[in-house]
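I have placed the structure first, in the form of structure tokens, so that the comments after it can refer back to it.
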Amino acid sequence: MTSDALRHFEEIVGSENVVRPDSERAQDYLKDMADFPSEPLVIVQPTSTEQVSKIVEYARNTKTPTVPRGAGTSLTGASSSHGGIVIDFSKKMNRVLKIDAVNWYVQCEAGITLDDLNEQLRKKGFFFPPDPSSSSWCTVGGAIAENSGGMKCFRYGTVKDWVLALKVVLSDGTIVKLGEPLPKNRVGYDLVHLICGSEGTLAIITEAWLKIIPLPEHNTERKRMLVFFDEWVHAGKSIQGIRINRIQPTLLEFIDRESMQSVNDGFDLKIPVHEATLFIETDSQIENILKICEENGSTGNYIAKDDADEERLYNARALVYLGVKALATGFHTEDVVVPLDRLTDYLEFVKSTSKKYGLRIPTGGHAGDGNVHPVILYEKSSKESEETAEKAFSDICNYAIQVGGSVSGEHGIGEQKISYAAKQIYQHNGKQALELMKQIKMQWDPDNILNPLKFLDITESY
Ligand SMILES: Cc1cc2nc3c(=O)[nH]c(=O)nc-3n(C[C@H](O)[C@H](O)[C@H](O)COP(=O)(O)OP(=O)(O)OC[C@H]3O[C@@H](n4cnc5c(N)ncnc54)[C@H](O)[C@@H]3O)c2cc1C
């Protein structure tokens, strides 16, 4: 980037808010949390929507690729830059602007973390339910752009279900407000939800109006527990049994032996380790749930003793990704979703893929949604090991597409899954659906400057 350009950014945001690529501070921007590399030409940390607008105007005039970035916890390379501007929202645009206790919404800037947001809401007796396990780092903007999920989404839905309105900067620098902070509004095309999950490829979110609800009352019926199994398929059948019996727990998560062991080793949580574990929270029907699990082969269970113990069990599941990541130098994180009636077959398929390729594939995730994440481990220094892991990754994505599932439930597409996403849409929705998406991208971002080379390959013809 020329020194004129850098000076221009310094004039817009102030010199302290421009990070040059050769500086120490730039180190934080060289990869995401799945180690996808990034080489930005400059990082800017704006303090207002107007500054974002000026940065994007420059990008549009000079056709410079521009990537909005939250905390970089993407697991797919979505926030990587390959030569261009990175707009970092996490440092200077992280304020709550309004908590409306009558209309039940919060207005905030894009860069606030979900945990900081919830801390401020808690003081007023409210909360924002979606809870990606990265909630202590990830930002509102990143979570909206990824339409993130989490454990509580089984009950409350994903981030998009909580977004009422957005302030965005378009690819020519125009500032627009989309949607209304109202409980109901059906006026116009739903552009708010077009932006949710668009991974920074259509517009840049600077502010959000999010639905909030009162913190739940303490419920003495509520229990958190672990149920243990000797076989993955027994856990899968138990989930199907719970559903067939029309029981709706509030959390329903799967954790395999290797994942649980990695969490114990990494975070000293002292959780019993079994071939498969279901982590369940329920407000009712605990006896029925345990009976269904027993009928499907459970070998035991553990019910949390108090609030701290409940927190320990929740953390055990939330820390799986970090525990497992420490097991190998290389990893591919899957995020496929399968229809619930295929969950048991899916778990068997992951097991057989691990055996077929001789790879370790610790597996854990949102079993109640059919969104269980295998993490394919490999040796980064070995080309052969990496290629074998890619084959396993491909097999699992193709399996999901074949059984009517999806290649991404919550982590998004990024650089990792463009071809699989296109294949899924092509096979499940048809060529026209892909063409429509391409036209939407070209309409919103005709010069392809917003997070190019991600999400949808608009140069490919279908
Ligand atoms: C340990 C760990 C656990 C995780 N657990 C979960 C989980 O349970 N559920 C889940 O869904 N995900 C999970 N993730 C993935 C990730 O944390 C989420 O996708 C998260 O919401 C990304 O937020 P971020 O602020 O880090 O975004 P980034 O990684 O910075 O960006 C992600 C995408 O959003 C875009 N973006 C960021 N900010 C904006 C903005 N202001 N406007 C427009 N686009 C923007 C970026 O360009 C990029 O495409 C996990 C990740 C880790 C490391």
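Note that ligands are numbered from 1 as they come in the structure, with each ligand's atoms numbered from 1 the same way. Here the structure is a predicted model, which is why all the values come from computation and not from measurement. Atoms considered below: every heavy atom in the structure, side chains included; atoms not considered: hydrogens, waters and symmetry mates.
- Inclusion of S74 in the set of residues having an N or O under 3.5 Å from an N or O of ligand 1 is warranted.
- The closest protein non-hydrogen atom to atom 16 (C) of ligand 1 is T73 OG1, 3.2 Å.
- Close N/O approach between Y321 and ligand 1 is not found [any backbone or side-chain N/O within under 3.5 Å].
- With ligand atoms numbered from 1 in the order given, ligand 1 contributes 25 (O), 28 (P), 30 (O), 37 (C), 38 (N) to contacts under 4.0 Å with heavy atoms of G70.
- Atoms of ligand 1 found under 4.0 Å from any heavy atom of G200 (numbered from 1 in listed order, with element): 43 (C), 44 (N).
- Interface atoms of ligand 1 facing M33, defined by a heavy-atom separation under 4.0 Å, are 53 (C).
- Between K351 and E275 there is a salt bridge, since at least one side-chain N of the basic residue sits less than 4.0 Å from a carboxylate O of the acidic one.
- Closest non-hydrogen pair, M93 versus T47, comes out as CG-C, 3.6 Å.
- Which parts of ligand 1 touch A143 is read off a 4.0 Å heavy-atom cut-off, strictly below it: atoms 21 (O), 23 (O).
- Comment: E199 does not engage K454 in a salt bridge, judged by the lack of any side-chain N to carboxylate O separation of less than 4.0 angstrom.
- The residue from L170, N451, L191, L194 that alone fulfils the side chain to side chain contact (heavy atoms under 4.5 Å, CB included) condition with L202 is L194.
- Taking each of T139, L322, I144 in turn, the one with a heavy atom nearest to atom 25 (O) of ligand 1 proves to be T139.
- Side chains of Q439 and M442 form no contact here, defined as non-hydrogen atoms less than 4.5 Å apart.
- Of the listed residues (S135, G412, S134), the one carrying the non-hydrogen atom nearest atom 3 (C) of ligand 1 is S134.
- Taking a cut-off of under 4.0 Å to the non-hydrogen atoms of A110, the atoms of ligand 1 that pass are 41 (N).
- For A203, the heavy-atom gap to ligand 1 drops under 4.0 angstrom.
- Where the criterion is an N or O separation shorter than 3.5 Å, residue side chain and backbone included, G72 meets it with respect to ligand 1.
- In this structure the side chain of P181 never reaches within 4.5 angstrom of the side chain of N103, judged on heavy atoms.
- With E146, E207, E410 as candidates, the residue nearest to atom 33 (C) of ligand 1 on a non-hydrogen basis is E146.
- Of all atoms in ligand 1, listed by their number and element, those nearer than 4.0 Å to a heavy atom of N451 are 47 (O), 49 (O).
- Counting heavy atoms closer than 4.0 Å to ligand 1, residue I205 contributes atoms from both its backbone and its side chain.
- Protein heavy atom closest to atom 31 (O) of ligand 1, with residue, atom name and distance, is S79 CB, 3.6 Å.
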Self-check item: Criterion side-chain contact (heavy atoms from CB on, under 4.5 Å) on F89 and I205, from CA distance to verdict
Solution: CA-CA 9 Å; F89 285 90; I205 302 157; over 6 Å; no

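- The N/O atoms of A71, backbone and side chain alike, include one that comes under 3.5 Å of an N/O atom in ligand 1.
- Scanning the protein heavy atoms around atom 12 (N) of ligand 1, the nearest turns out to be H411 CD2, 3.6 Å.
- Using a 4.0 Å cutoff on heavy atoms, D32 does not count as a contact of ligand 1.
- For the pair A367 and L343, the tightest heavy-atom approach, listed with the atom from each and the gap, is O-CD2, 3.8 Å.
- Across A145, G197, C153, heavy-atom proximity to atom 34 (O) of ligand 1 is greatest for A145.
- Interface of S148 with ligand 1, defined as ligand atoms under 4.0 Å from a residue heavy atom, comprises 11 (O), 18 (C), 19 (O), 20 (C), 21 (O).
- Each of the atoms 41 (N) of ligand 1 lies under 4.0 Å from some heavy atom of F89.
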Practice problem: Decide salt bridge (charged side-chain N to carboxylate O under 4.0 Å, His left out) for D28 and K91; before the verdict, give the C-alpha distance in whole Å, the side-chain angles of both, and the deciding distance to 0.1 Å. | Solution: CA-CA 12 Å; D28 293 345; K91 301 291 186 296; 5.3 Å; no

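- Side-chain contact check for T158 and N147: at least one donor-acceptor pair (N or O, by modelled atom type) lies under 3.5 Å.
- Ion pair D190/K160 not flagged as a salt bridge, since none of the NZ, NE, NH1 or NH2 atoms sits closer than 4.0 Å to an Asp/Glu carboxylate oxygen.
- A salt bridge links R20 with E10: at least one charged nitrogen is closer than 4.0 Å to a carboxylate oxygen.
- Between E410 and V159 the shortest side-chain heavy-atom distance does not fall below 4.5 Å.
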